[in-house]
Visitor: 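Sending over a structure as structure tokens; questions will come in a sec.
Counting convention: from 1, in listed order, for ligands and their atoms alike. Not measured: the values here are computed from a predicted model.
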Amino acid sequence: MLLLALVACESFHADPIDTGRGRPPRPDTGEDSGDTGDSGAGPSLPLVPWPQSVTATGGTWTIDATVSVGAAGLAAREGDALAERLRASTGFAVPIGETGTIQLELGGDEPPEGYTLDVTAEGVTVTASDPAGLFYGVQTLLQLAPAAVYGATPAADVVWTVPTVHVEDAPRFGWRGVMIDVARHFFSVADIERQVDVMAAHKLNRLHLHLSDDQGWRIEILSWPRLAEVGGATEVGGGPGGYYTQADLEAIIAYAEARHVTVIPEVDFPGHANAALSAYAELNESGVAAEPYTGTPVLSTPLWLDGPDTRPFVADVWRELAALAPDTVVHIGGDEAVGLSAVDYADFVEWLEHDVAGEGSRVVGWDEIGGAQLSAPFYVQYWYDLESARDAVAQGGRMIASPATHTYFDMKQSSDAEYGQVWAGIVTTRTAYVWDPVGNGLTEETVAGVEACLWTEFIDDNAKMDFMLWPRAAATAEVGWTTDRVWSDFQGRLAYDGARLTVMGVGYAPDPDIDWVAP
Ligand code: TNX
């Protein structure tokens, strides 16, 4: 079964550029949902993702020069971030102390990441049981304010009116991710942190970095320095590539963590290993280092599994990577190991999961890992082969839903788009929104969440990254957060998200389904 999936991948990837041929339609995990037609009612409030429960109470509160933030103890970090945002955009002093006109309180009984937000004519209270909940309450408050609140410098002539509301909110899923492939094209620390800001404003909380592939190796490994030095020195198209030092990755992790985004690093083995093979001759059966690969079609050169240095090498890489991200899940890759037998593939994945990662450590693997014998806890990331993903879930894994047909944002958004893939179809904002990760035997409990994936064979700068990620990742954010969804309602609210994205400097794709609002 695994082999069949690999064969299907290989034949498909033999012709990956925009033909749309040769690809069997893949099942989604669930039925279409979130589309009950046009409700006719415009959005009451411009919130994305939509909270679980919102009551508009009909009044207004205004942020003015008297605004202050109250936040103590563990809430202080969230308070500081809010005060900083308000200072930057409004120019007000925004003092922070124990009490303020915006009060952030821990100690509520809200679920994890949940919050209660009250905006009254007098001021604002956010309560939560954890700092992430406070952070999300603050994000909702910011979305209720004029979009200029996201500005980097004080906006003149803005009346900072906020509607009064009572919001009770918590996410449907704990895993609301975006994957960025920094291997096919390299993106700097600043480029990544910029996307983290936009993600966090949409309550997305996982940043999965695809750090190695055939075309490049992007993370410094001290015990195997040529990986970064040689494997990192190229990318698709033959550009200079680049890599993160370990300090760089630690900086990204800290930046993201301050915004309640957990970084999930991935080194992709046993397939997609050409960059590693180009850095070290001894990892090749021929004894000669592989030629660097800079093409766009998926190559997926596998590791030489019988090589005497191969497993020690993989174990070293794993150890260093896991040490960089000590409290989180590490992604072991495992996709498209073209040319390996199902037995050899399973043997490698089992060794990596059992012997290297070790009991109790949480790993994620692409859906092909369902062909191995795995031990929970682990996650399986469904992108293509639902049967294999289900095999993994049957072994106690939880699923991260990334069906290519709805979450692969390297797909074109219209047939006349200048660049992008089409093998999983045209993925419009509506396509990214109208699906559900639960269904077809997968329950709310077995699904950990959702992840949007940005493969970068055709994406080589920030303008393209913005255009491909936004607004589609906002749709993913709502799929991951909101239980009851209605496309026509989202359409209306997303229009206002356009104003926010513009203020944040994000060049989003102006999907013609949306009546975009200017800031
Ligand atoms: C499949 S998804 C891949 C990637 C490609 C992508 C292009 C997955 C686990 N493998 O290597 O970049 O398709 O759409």
Visitor: Run the numbers for me: atoms of ligand 1, each under 4.0 Å from some heavy atom of E336, listed by number.
Guide: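 Here the atoms of ligand 1 in question are 1 (C), 3 (C), 4 (C), 10 (N), 11 (O).
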Visitor: So, K203 and E478, do they make that salt bridge, N to O below 4.0 Å?
Guide: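 Looking at K203 and E478, the cut-off is not met.
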Visitor: Mark up the atoms of ligand 1 that fall under 4.0 Å of a heavy atom belonging to H272, in ascending order.
Guide: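 Contacts of ligand 1 toward H272, numbered from 1: 11 (O).
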Visitor: Taking the six-membered ring of Y496 (Phe, Tyr or Trp), confirm whether the NZ or CZ of R493 is under 6.0 Å from its centre and within 45° of its axis.
Guide: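 Verdict for Y496: no cation-pi partner in R493.
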Visitor: Mark up the atoms of ligand 1 that fall under 4.0 Å of a heavy atom belonging to W366, in ascending order.
Guide: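 Those atoms are 9 (C).
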Visitor: From the options D335, D214, D410, select the one whose nearest heavy atom is closest to atom 14 (O) of ligand 1.
Guide: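 Result: the heavy atom closest to atom 14 (O) of ligand 1 is in D410.
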Visitor: Please determine whether a side-chain nitrogen of the Lys or Arg among R398 and E445 lies less than 4.0 Å from a carboxylate oxygen of the Asp or Glu.
Guide: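 No.
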Visitor: Show the atoms of ligand 1 that are less than 4.0 angstrom away from any heavy atom in M411.
Guide: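 The list of qualifying atoms is 14 (O).
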Visitor: Counting from 1, what ligand 1 atoms have a heavy atom of E457 closer than 4.0 Å?
Guide: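 Selected atoms, number and element: 5 (C), 7 (C), 12 (O).
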Visitor: Do W383 and E368 have a side chain donor and acceptor closer than 3.5 Å?
Guide: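 Distance-only check passes for W383 and E368.
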Visitor: Atom 13 (O) of ligand 1: which of F409, W423, W455 has the nearest heavy atom?
Guide: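 Comparing heavy atoms across F409, W423, W455, the nearest one to atom 13 (O) of ligand 1 lies in W423.
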Visitor: Could you tell me if the ring centre of W455 sits under 6.0 Å from that of H272?
Guide: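 No.
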Visitor: Would Q381 count as a contact of ligand 1 if the rule is a heavy atom under 4.0 Å away?
Guide: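 Per 4.0 Å heavy-atom rule, Q381 does not contact ligand 1.
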Visitor: Pairing donors with acceptors under 3.5 angstrom, does anything connect the side chains of D191 and S188?
Guide: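 Judged by distance alone, the side chains do pair up.
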